[in-house]
Participant: 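Sharing a structure here in structure tokens format.
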Amino acid sequence: METLGLLGGGFAAALTPENLLWALVGVVLGTAVGVLPGLGSAMAVALLLPVTFKLDPTGAFIMFTAVYYGGLFGDSTTSILMNTPGNSSAIATAIEGHKMALKGRASQALATSAIGAFVGAVVSTAVVAFFSGVIIDIALRFGPAEYFALAVFAFLATSAVVAQSMVRGLIALSIGLSLAMVGIDSQSGAARFTLGIPSLFEGVSIITVTVGLLALGEVLHVASRVHRGGGRTAELLRTTGTPWLSVRDLKRAVPAWIRGLGFGLPFGAVPAGGSEIPTFLAYGTERKLSQLRARRGKRPDEFGEGAIEGVAAPEAAASATAGTAMGALLGLGLPTSATAAIMLAAFQQYGMQPGPLLFERNADLVWALLASLFIGSVMLLILNLPFAPLWAKLLLIPRRYLYAGITGFAVLGVYASSYSVIELWLLILLGLLGFMMRRYSIPVAPVLIAVILGPLAETELRRALAIGQGDVGALFAGPITIGIYTVILAAVALVAVARMRSARRSRTEAGSESAEKTEVGG
């Protein structure tokens, strides 16, 4: 009841006309910036940080959180419509979301994304408000060995789930880990694979990698097939429909949203690379469930052709992760994403230090901030759900103009993040790499996961070994690590058995066809 009273006071502060205006401005700006490849919620908050010097702290942070959630929706919009995620949190959504758009269901995909983001935001904010103590306890239980185990789990899960071939998935993972090793070694200070170029001492920017492989790689892939697939995207999309989901869609999406929440809620509290791990785990789970239903004859497996579950689960997971990440920031002072790190700097700018004492010293701000998360989520749903068909109209633009615009925004986003010409050359090289990976059916997602989590995995591995004085057993000392590695081994065994059965089934079917042909010939 005490929490309800504090939250009620937060709503009273957040529902003033001035603060509602800042929430609306943040939602609109976050969505607008999130649609641009290479930018995203983190950059939007960073750009707005100097603008808020003269605002009172409550209004400033309400706008920041609205930008945060608005950016998440904008990221998903471009991933669905143009297969170019605005940020890495929307990579998993792009896999099935863009396929839905190509089948004329862009509006339904956007609606699934908007509702999933709303559900994830509301539930995760409620969890933060009522169970912040549990979130803090979970985060404090993770040490170097646990973080490394999570990274290994993400590497193997992504390579096995996203790629049809395990070999191709491991090739993509190796490419990503190679890119992650470029730069100054955080432990020894030695330069690695920099070719003597000072701009590479800080490593290859994740923005450059994401935009190059996804946006520019997609542009080159589309350009190479322009004479095969027609000149206008509208030819592939005869209708975009309405944003309202049918009963059949809801029956499939609701369980996926719930499962996505299950992945996203705990991951926001631990600094394991942001929302990439839970979104891909959610996507992989839905894909495996779909294959299981297909084998039982319940429903055909639509993954790879535009399955609505492949949009619903990652979106709910990403939004839930963002919500609990805010709880970890407020309760522990622990930024678990790039945007949370920028918001930590904003708190310090106002002379406040997030942590357990923040709830006592600045209770009015904290509870107004949590209330604004609910308000911003409702605003996003009201603003974006009816406009899903309008966003889908972007696909009616002729391809040469649409992808030329994407290329321009991609270059602008990369240059604005670094002001380096070297990054632009890297963008071109990574775009060519993305094109070749599409040409030879090598998945892009494991590369991105490896680039994002590679430095974390390396740092935590070396810390764990240093704590254990070189003893490898330190990596398996705690119950959490043992549990994670047990799940990894079980998952690898299940995948191996499933692939062996699939190969045996294929040989049996091939043998039957050969016998039938022999009989016919005889």
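Only this structure's heavy atoms are used, side chains among them; waters, hydrogens and symmetry mates stay out. As the structure is a prediction and not an experimental result, all values here were calculated from the model.
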Participant: Shortest non-hydrogen contact from Gly120 to Ser319?
Facilitator: C-OG, 3.7 Å
Participant: Are there more than 12 heavy atoms of other residues, nucleotides or ligands under 6.0 Å from atom CH2 of Trp367?
Facilitator: yes
Participant: Take Leu373 and Val128 through the side chain to side chain contact (heavy atoms under 4.5 Å, CB included) test and state the conclusion after the steps.
Facilitator: CA-CA 11 Å; Leu373 292 176; Val128 170; over 6 Å; no
Participant: With Ser113, which residues qualify under side chain to side chain contact (heavy atoms under 4.5 Å, CB included), at least two apart?
Facilitator: Phe73, Ser76, Ile80, Val311, Glu315
Participant: How long is the straight-line distance from CZ of Phe148 back to OG1 of Thr459, given to the nearest 0.5 Å?
Facilitator: 11.5 Å
Participant: Under the ring pair (Phe, Tyr, Trp, His ring centres under 6.0 Å) rule, collect the residues that match up with Phe11, sequence neighbours excluded.
Facilitator: Phe374
Participant: Look at the side chain of Thr321 and the backbone N and O of Gly264, then say whether any donor-acceptor pair between them is shorter than 3.5 Å.
Facilitator: yes
Participant: If you measure from CG on Leu370 to CD1 on Ile62, what distance do you get to the nearest 0.5 Å?
Facilitator: 10.5 Å
Participant: Taking only residues two or more places apart in sequence or in another chain, which ones pass side-chain hydrogen bond (donor to acceptor under 3.5 Å, both in side chains) with Ser290?
Facilitator: Asp301
Participant: List the atom of Glu302, the atom of Arg248, and the distance in Å for their closest heavy-atom pair.
Facilitator: OE2-NH2, 3.7 Å
Participant: Could you tell me the separation between the CG atom of Leu110 and the CD1 atom of Ile115, rounded to the nearest 0.5 Å?
Facilitator: 11.0 Å
Participant: Under the salt bridge (charged side-chain N to carboxylate O under 4.0 Å, His left out) rule, what pairs show up with a residue in residues 15-27, not counting sequence neighbours?
Facilitator: none
Participant: To the nearest 0.5 Å, what is the distance between CG on Leu21 and OG1 on Thr16?
Facilitator: 9.5 Å
Participant: Provide the closest heavy-atom pair for Gly454 versus Ala180 in the form atom of the first, atom of the second, distance.
Facilitator: CA-CB, 4.2 Å
Participant: Quick one: closest heavy-atom pair of Ala92 and Pro314, and the distance?
Facilitator: CB-CB, 4.0 Å
Participant: Name all residues meeting the side chain to side chain contact (heavy atoms under 4.5 Å, CB included) criterion together with Pro144; count only those two or more places apart in sequence or in a different chain, and write none if there are none.
Facilitator: Glu460, Arg463, Ala464, Ile467
Participant: Kindly compute the distance separating OG (Ser246) from CD1 (Ile308), expressed to the nearest 0.5 Å.
Facilitator: 7.0 Å
Participant: Residues two or more places apart in sequence or in another chain: which of them pass salt bridge (charged side-chain N to carboxylate O under 4.0 Å, His left out) with Glu309?
Facilitator: Arg252, Arg293, Arg299
Participant: Check for a donor-acceptor pair, side chain of Ser124 on one end and backbone N or O of Ala121 on the other, with a separation under 3.5 Å.
Facilitator: yes
Participant: Below 4.5 Å, heavy atoms only, C-beta onward: do Val451 and Val204 meet side chain to side chain?
Facilitator: no
Participant: Just jot down the side chain to side chain contact (heavy atoms under 4.5 Å, CB included) partners of Leu20, sequence neighbours excluded, or say none.
Facilitator: Leu15, Ile375, Met379
Participant: Would you indicate whether the side-chain heavy atoms of Thr112 and Asp249 approach each other to under 4.5 Å?
Facilitator: no
Participant: Taking only residues two or more places apart in sequence or in another chain, which ones pass salt bridge (charged side-chain N to carboxylate O under 4.0 Å, His left out) with Glu423?
Facilitator: none
Participant: Would the distance check show the side chain of Glu286 and the main-chain N or O of Tyr283 forming a donor-acceptor pair, the cut-off being under 3.5 Å?
Facilitator: no
Participant: Using a 4.5 Å cut-off on heavy atoms from C-beta on, say whether the side chain of Val247 contacts that of Lys251.
Facilitator: yes
Participant: With sequence neighbours left out, write down each residue that passes side chain to side chain contact (heavy atoms under 4.5 Å, CB included) with Leu429, or none if nothing qualifies.
Facilitator: none
Participant: Roughly how far, to the nearest 0.5 Å, is the CH2 atom of Trp257 from the CG atom of Leu250?
Facilitator: 5.5 Å
Participant: I need the minimum non-hydrogen distance between Ala23 and Ala66, along with the two atoms involved.
Facilitator: O-CB, 3.3 Å
Participant: So, for Phe263 and Pro278, which heavy atoms are closest and what is the spacing to 0.1 Å?
Facilitator: O-CB, 3.6 Å
Participant: Using a cut-off of 6.0 Å, state whether more than 12 heavy atoms not belonging to Glu202 lie near its atom CD.
Facilitator: no
Participant: Under 4.5 Å between any side-chain heavy atoms of Leu216 and Leu427, yes or no?
Facilitator: yes
